[in-house]
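What's counted below: heavy atoms across the whole structure, side chains too, no hydrogens, waters or symmetry copies. Convention: sequence-line order gives letters A, B, ...; per-chain numbering from 1. Keep in mind that this is a model prediction, so the values were computed, not measured.
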Protein chains: 2
Amino acid sequence: MSNTKALPLLEPAADEAVAPCCPPLTERPFTAEEAETAARMFKALGDPVRLRLFSAVASHEGGEACVCDISDVGVSQPTVSHHLKKLKEAGLLTSERRGTWVYYRVEPSVLAAMGRLLTGVAPTV
Amino acid sequence: MSNTKALPLLEPAADEAVAPCCPPLTERPFTAEEAETAARMFKALGDPVRLRLFSAVASHEGGEACVCDISDVGVSQPTVSHHLKKLKEAGLLTSERRGTWVYYRVEPSVLAAMGRLLTGVAPTV
DNA sequence: CGTCAACATAGACATCCATCGAATTAGGTG
DNA sequence: CACCTAATTCGATGGATGTCTATGTTGACG
């Protein structure tokens, strides 16, 4: 049972594998607070470069990738670093330094939580 | 005027209920074009006010709501109109005028497509 | 026709943000 | 220590964006 350690977007719930910040979009109108929280995640994925970086990490062998593995997205290297930071701040990625390289990894519960928020259905992972 | 101006983010596929723009995020790194398309949708949901409006429409009785039903989100009426236009341009909402009122409705396949993009699983609606 | 209500558009403005080059930190190696 | 590579941080900048007020449009009604 891996758990979050970045932003408290997801509260640790013992009885549920997916503990989203918010109810499904279709259940009831979001409150201002819920919208603020969820919009932060959507916003993080709302940039093409960030989406490519996120997809590159998510699809990389072993579930993680160092920056050098995914830097080929057509922008300068500082810009890549900037976007990875944003994704991390949004709680979508975690990072860990191992020697020379920094490895990024997808925060596992987030994808399921966002999926449930959109569809109202908990995906069978 | 610009009534039927929905973006062709989703191509009509006869044999599948869900016709996403892109493969699941975890399948392989997104191409620049895929990222551009998908990011447009995430970006539309990346604003708190838009997310509240979208949730209000999605959760409203009958699956649709007129602007007057959902305008209580703390911003001026023109701003609400502006955000609804953005959501429409992103292909997330459709609108129809009936008499005095304009009704907005969630484009049904979009939620499932985005959910599948995130989780890699087609939700059982 | 005149008026009101619902909604959209136009223009202005302040803030945010993606991007870059330059400088900086950190780790490895000779 | 000197040097190289990986990655982050800094400072600047041009463009995008959210918000407002004012105005326009559209339909209903007397």
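- Summary of the strand contacts: A:Gln77 and A:Arg98 both lie near DNA chain C, and taking for each the nucleotide with the nearest heavy atom, the more 5' one is attributed to A:Gln77.
- Listed pair A:Ser76 / C:dC20 meets the phosphate criterion, a side-chain N or O lying under 4.0 Å from OP1 or OP2.
- Under a 4.0 Å N-O distance rule, the pair B:Glu64/B:Arg98 qualifies as a salt bridge.
- Atoms CZ (A:Arg97) and C1' (C:dG28) sit 10 Å apart, rounded to a whole Å.
- Using a 4.0 Å cut-off between charged side-chain N and carboxylate O, B:Arg28 and B:Glu34 make a salt bridge.
- B:Asp47 has its CG atom 13 Å from the C1' atom of D:dA16, to the nearest Å.
- In this structure, A:Arg50 reaches the C:dA18 phosphate: one of its side-chain N or O atoms is under 4.0 Å from OP1 or OP2.
- For A:Val75, whose side chain is taken as the heavy atoms from C-beta onward, the closest listed nucleotide among D:dT8, C:dG27, C:dT19 is C:dT19.
- Side chain of A:Thr79, nearest nucleotide from D:dG18, D:dA7, C:dC20: C:dC20.
- If you measure from atom CD of B:Glu96 to atom C1' of D:dT26, you get 15 Å, rounded to the nearest angstrom.
- A heavy-atom distance below 4.5 Å is found between the side chains of A:Glu27 and A:Pro24.
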Item to check | Residue pair B:Leu84, B:Ile70: steps toward the side-chain contact (heavy atoms from CB on, under 4.5 Å) verdict | outcome: CA-CA 11 Å; B:Leu84 288 172; B:Ile70 58 177; 4.2 Å; yes

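- A residue-by-residue look at A:Val49 and B:Val102 shows that B:Val102 has its nearest nucleotide of DNA chain C further toward the 5' end.
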Checklist entry - Passes side-chain contact (heavy atoms from CB on, under 4.5 Å), B:Leu117 versus B:Phe42? Steps please. => result CA-CA 11 Å; B:Leu117 188 152; B:Phe42 284 118; 4.0 Å; yes

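- At C:dA18, one or more side-chain N or O atoms of A:His82 fall inside 4.0 Å of OP1 or OP2 (strictly under the cut-off).
- Atom CG in A:Leu87 sits about 12 Å away from atom P in D:dT8, given to the nearest Å.
- Side chains of B:His60 and B:Asp69 form a contact here, defined as non-hydrogen atoms less than 4.5 Å apart.
- Of the two residues contacting DNA chain D, namely A:Lys85 and A:Trp101, the nearest-nucleotide position lying further toward the 5' end is that of A:Trp101.
- The B:Tyr104 side chain lies nearest to C:dA8 when the options are D:dA7, C:dA8, C:dA18.
- Among the atoms of the strands shown, only primed sugar atoms or phosphate atoms (P, OP1, OP2) are found under 4.0 Å from some heavy atom of B:His83.
- Between A:Lys88 atom NZ and D:dT8 atom P the separation is 7 Å, expressed in whole Å.
- The NZ-C1' distance, from A:Lys86 to D:dT8, rounds to 15 Å in whole Å.
- Taking the side chain of A:Pro78 as heavy atoms from C-beta on, and the options C:dC7, D:dT17, D:dT9, the nearest nucleotide is D:dT9.
- Separating the CZ atom of B:Arg52 from the P atom of D:dT19 is a distance of 12 Å, rounded to the nearest angstrom.
- Of the candidates C:dA18, C:dG28, C:dC7, C:dG28 carries the atom nearest the A:Thr100 side chain, counting heavy atoms from C-beta on.
- Protein atom CG of A:Leu84 is 16 Å distant from nucleotide atom C1' of C:dC17, rounded to whole Å.
- Contact between the side-chain N/O atoms of A:Lys43 and the OP1/OP2 oxygens of C:dC17 is found at a separation under 4.0 Å.
- Comparing D:dA7, C:dA18, D:dT19 by their nearest atom to the side chain of A:Cys68 picks out D:dA7.
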